[in-house]
Every structure is written in C-alpha cells, then in structure tokens.
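Notes follow once the structure below has been shown.
Since we're looking at a predicted model, the values are computed, not measured. These values consider heavy atoms only, across backbone and side chains, with no hydrogens, waters or symmetry-generated copies.
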Amino acid sequence: MRIDIATLFPEMCETVLNESILGRARRAGYIAFACHNIREYTTDRHGRVDDYGYGGGKGMVMQPEPIQRCFTDVCAKLGKRPHVIYMSPQGNVLTQQRCMELAKMDNLFLLCGHYEGVDERILEEIVDEEISIGDYVLTGGELPALVLADAVARMCDGVLAASECYEEESHMGGLLEYPQYTRPEEWRGRRVPEVLLSGHHQKIADWRQAQRLARTKQKRPDLFARYPLTKADRKLLIKYELGPQQDGEK
C-alpha cells in the first residue's frame with residue numbers, strides 16, 4: 001500500500017511516519033508514504049496557496065488550483081487515480097471497520113486542510129469521501145491524516161509481526177480488548193490472574209473472551225448492545241461472574 005499526504009507541513013508528517021513501527025515498516029518496504037508540500041504546486045511567486053473567502057468572515061481559505069496540481073502530479077506518478085480522502089470535522093467519524101476496508105486499497109491520497117479549510121470546488125472535483133477523527137476541530141488536517149495513516153497501515157501485511165497483533169484488539173469484532181499483564185507476577189500487592197499463569201490455552205482463551213465481553217459491557221454499553229452474543233458468550237459471563245446477561249435475554 002502507498003499513502004500520499006497533501007499538506008502545507010510535510011516535515012511535520014514525515015517526523016511521525018519515520019518513527020517507531022511505521023518507520024521500520026516503511027524502511028523495510030511493507031508500506032510506502034509520500035508527503036507532498038502543496039506550496040510547491042502554486043504559481044504564486046511568494047508561495048501563496050490561500051486567499052480571503054468570498055462573502056467575508058475571518059480566516060483564509062486554501063485555493064483549489066495548487067491542490068489540483070498536486071493531485072494530478074500524484075496520479076501521474078502512480079499511473080492511476082488513488083482513493084481521495086479529505087480530513088474534515090464534517091466527515092464520517094473514523095472507525096475500525098472503515099480502517100479495515102481502507103487497508104485493502106492500493107493507494108490513498110489524504111488531503112489536509114488548514115486555516116478555514118479548502119475551496120469547496122476542489123472537494124467536489126477530486127474527493128471521494130470526508131473522514132473525521134472526532135467531533136471537535138483542530139488547527140489543520142495533519143494530525144487526523146497521521147491518525148488515519150497509522151490505523152490503516154498497521155493492518156497491512158508485514159507492518160506488524162503477525163495479524164494476531166491486531167485481531168484481538170479493541171474494536172476488532174465489536175468488542176474491547178482484554179487486560180494485558182507482564183512481569184513481575186506481583187506488583188504492589190496486585191497479582192497477575194492465576195489463569196494466565198496456568199499454561200492452559202483453552203482456559204486462557206475463555207478468560208480473555210469473558211474479559212472482552214465484560215469490559216465492553218461496562219465501558220462501552222453502546223457497543224455491547226450491538227454485539228451478537230452467542231450461548232457460549234452468555235455462559236462465560238456467568239461462569240466468570242462478570243455481570244448479568246444482556247437485558248431481555250434468557
């Protein structure tokens with residue numbers, strides 16, 4: 001997979017993408033990132049890419065032509081049109097399910113707005129979807145783009161050691177993740193649950209599933225209400241005394 005990011009602050013994005021797991025995966029060739037400075041595509045001799053918005057009001061609006069030139073250049077380099085996402089608080093809120101779907105695509109083009117946003121006409125011209133990372137407003141689209149890039153890239157082959165690294169995490173399959181423990185076995189009077197020390201794989205698997213169910217019910221009842229409980233799930237909740245069954249179920 002290749003993810004292209006169109007931004008006014010490519011160095012900001014590169015700093016994150018070159019570090020930790022993403023940086024290692026990038027250097028190993030499992031994932032490709034390219035950050036494009038929109039200012040390089042303006043014809044203004046001062047590198048200007050924004051202007052006052054029609055109709056008045058505070059703040060500047062990014063012009064459509066530099067963004068279009070950047071997008072056209074990326075398409076030419078790829079030899080095809082990528083899927084275009086505008087990072088916007090007006091978009092659909094990013095979910096794990098959408099990240100899984102995006103991870104199956106070959107190319108993503110993430111457009112980062114700034115100031116008061118971008119000219120609406122460029123959105124109409126090139127954007128396939130708008131995505132938000134939450135119901136709040138940031139100073140620019142760079143942080144949301146990096147969040148999306150991280151969430152999507154980590155599910156691409158080779159980025160993590162194995163698919164098991166993310167398959168049982170929170171929001172995968174509709175449940176939150178079970179508790180994690182490491183050495184020492186006892187810390188400040190708190191012990192690691194005995195079942196995790198037993199070496200009994202089935203008991204550990206049952207305990208973890210019960211914990212996922214219980215945590216989801218406690219912390220995210222909205223998710224729990226939508227989760228299709230099986231008979232085995234109900235038995236686990238009762239067995240581990242982690243709470244009553246879902247309301248109305250027998």
Side-chain angles (χ1 to χ4, degrees), residues 1-19 21-23 25-27 29-43 47 49-50 61-134 137-159:
M1 166 178 269
R2 169 170 162 152
I3 299 177
D4 289 86
I5 301 177
T7 171
L8 297 179
F9 302 96
E11 296 84 0
M12 172 183 176
C13 297
E14 288 284 0
T15 297
V16 174
L17 299 174
N18 280 327
E19 294 295 330
I21 293 173
L22 293 187
R26 186 182 191 182
R27 290 186 288 273
Y30 293 118
I31 186 79
F33 298 107
C35 300
H36 309 275
N37 190 340
I38 297 173
R39 293 188 188 280
E40 295 180 359
Y41 296 89
T42 182
T43 56
V49 296
D50 60 348
V61 179
M62 291 177 64
Q63 298 168 311
E65 187 59 25
I67 298 172
Q68 178 67 60
R69 289 173 178 267
C70 177
F71 177 64
T72 300
D73 184 43
V74 170
C75 289
K77 291 175 179 176
L78 293 176
K80 58 182 176 179
R81 187 188 189 283
H83 183 76
V84 182
I85 300 172
Y86 177 49
M87 308 308 303
S88 165
Q90 296 185 26
N92 292 321
V93 176
L94 185 64
T95 64
Q96 188 67 34
Q97 179 60 39
R98 188 58 185 144
C99 288
M100 293 169 63
E101 295 165 354
L102 294 173
K104 297 177 182 178
M105 298 184 180
D106 293 329
N107 304 100
L108 299 178
F109 181 93
L110 310 183
L111 173 58
C112 303
H114 222 76
Y115 313 122
E116 289 302 306
V118 305
D119 190 299
E120 184 71 18
R121 292 168 293 184
I122 192 64
L123 303 183
E124 297 169 350
E125 183 71 18
I126 70 170
V127 171
D128 295 307
E129 66 175 311
E130 298 184 24
I131 290 181
S132 168
I133 61 168
V137 179
L138 300 172
T139 55
E142 286 73 24
L143 291 175
L146 291 169
V147 167
L148 187 149
D150 186 293
V152 170
R154 66 195 304 276
M155 287 186 289
C156 294
D157 290 344
V159 175

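Remark: Phe9 engages His114 in a ring pair (Phe, Tyr, Trp, His ring centres under 6.0 Å) (not counting sequence neighbours). In this structure, the side-chain contact (heavy atoms from CB on, under 4.5 Å) partners of Thr95, at least two apart in sequence or on a different chain, are Gln97, Arg98. Every residue meeting the side-chain hydrogen bond (donor to acceptor under 3.5 Å, both in side chains) condition with Thr72, not counting sequence neighbours, appears here in chain and number order: Gln68. Applying the side-chain contact (heavy atoms from CB on, under 4.5 Å) rule to Ser88 yields the partners Tyr86, Gln90, Glu130; only residues at least two apart in sequence or on another chain are considered. Among residues two or more places apart in sequence or in another chain, the ring pair (Phe, Tyr, Trp, His ring centres under 6.0 Å) test is passed with His36 by none. Take Asp119 and apply the side-chain hydrogen bond (donor to acceptor under 3.5 Å, both in side chains) test, not counting sequence neighbours, and it matches Arg121. In this structure, the side-chain contact (heavy atoms from CB on, under 4.5 Å) partners of Glu120, at least two apart in sequence or on a different chain, are Leu123, Glu124. For the side-chain hydrogen bond (donor to acceptor under 3.5 Å, both in side chains) test, residues two or more places apart in sequence or in another chain that qualify with Asn107 are Lys80. Partners of Ile21 according to the side-chain contact (heavy atoms from CB on, under 4.5 Å) rule, which considers only residues two or more places apart in sequence or in another chain, are Arg24, Val159, Leu160. Remark: Phe71 pairs with Phe109 by the ring pair (Phe, Tyr, Trp, His ring centres under 6.0 Å) rule, at least two apart or across chains. Arg26 meets the side-chain hydrogen bond (donor to acceptor under 3.5 Å, both in side chains) test with Glu14, Asn18; sequence neighbours excluded.
Here Arg2 contributes atom CZ and Phe33 contributes atom CZ; the two are 11.5 Å apart, rounded to the nearest 0.5 Å. In this structure, CD1 in Ile133 is found 7.0 Å from CG in Leu143, a value given to the nearest 0.5 Å. To the nearest 0.5 Å, atom CD1 of residue Ile131 and atom CD1 of residue Ile85 are 4.0 Å apart. Note that CD1 of Ile5 is 13.0 Å distant from CG of Asn37, once rounded to the nearest 0.5 Å. Between the CD atom of Glu142 and the SG atom of Cys13 there is a distance of 5.5 Å, given to the nearest 0.5 Å. Taking SG of Cys156 as the reference point, atom CE of Met105 lies at 12.0 Å (rounded to 0.5 Å).
Taking all atoms of both residues into account, the shortest heavy-atom contact from Leu17 to Cys35 is CD1-SG, 3.7 Å. In terms of heavy-atom proximity, Ala153 sits nearest to Leu22 at CB-CD2, 3.8 Å. Taking all atoms of both residues into account, the shortest heavy-atom contact from Val93 to Gly134 is CG1-N, 4.5 Å.
With contacts defined as side-chain heavy-atom distances shorter than 4.5 Å, the pair Ser132/Leu94 does not qualify. When side chains are defined from C-beta on, Arg69 does not count as touching Ile38, because their heavy atoms never get closer than 4.5 Å. Under the 4.5 Å side-chain criterion, counting only non-hydrogen atoms from C-beta, His83 is in contact with Leu102. Residues Leu108 and Asp4 form no side-chain contact, since every pair of their non-hydrogen atoms from C-beta on lies 4.5 Å or further apart. With contacts defined as side-chain heavy-atom distances shorter than 4.5 Å, the pair Leu148/Met87 qualifies. With contacts defined as side-chain heavy-atom distances shorter than 4.5 Å, the pair Ile67/Glu125 does not qualify. Between Gln96 and Met155, the closest side-chain pair of non-hydrogen atoms falls below 4.5 Å.
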| task | Using the side-chain contact (heavy atoms from CB on, under 4.5 Å) rule, take Leu110 and Ile3 through it: C-alpha gap first, then chi angles, then the decisive distance, then the call. | result | CA-CA 7 Å; Leu110 310 183; Ile3 299 177; 3.8 Å; yes
| field | Full working for side-chain contact (heavy atoms from CB on, under 4.5 Å) between Gln63 and Val118 | value | CA-CA 6 Å; Gln63 298 168 311; Val118 305; over 6 Å; no
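By the 4.0 Å N-to-carboxylate-O rule, Lys77 lies close enough to Asp73 to be salt-bridged with it.
Although no hydrogens or angles enter the test, the distance criterion places no donor-acceptor pair under 3.5 Å between the side chain of Asp106 and the main chain of Met1.
When the shell of 6.0 Å around OH of Tyr30 is examined, it contains 12 or fewer heavy atoms from other residues, nucleotides or ligands.
Residue pairs that meet the salt bridge (Lys or Arg N to Asp or Glu O under 4.0 Å) test with at least one member in residues 29-42, sequence neighbours left out, do not exist here.
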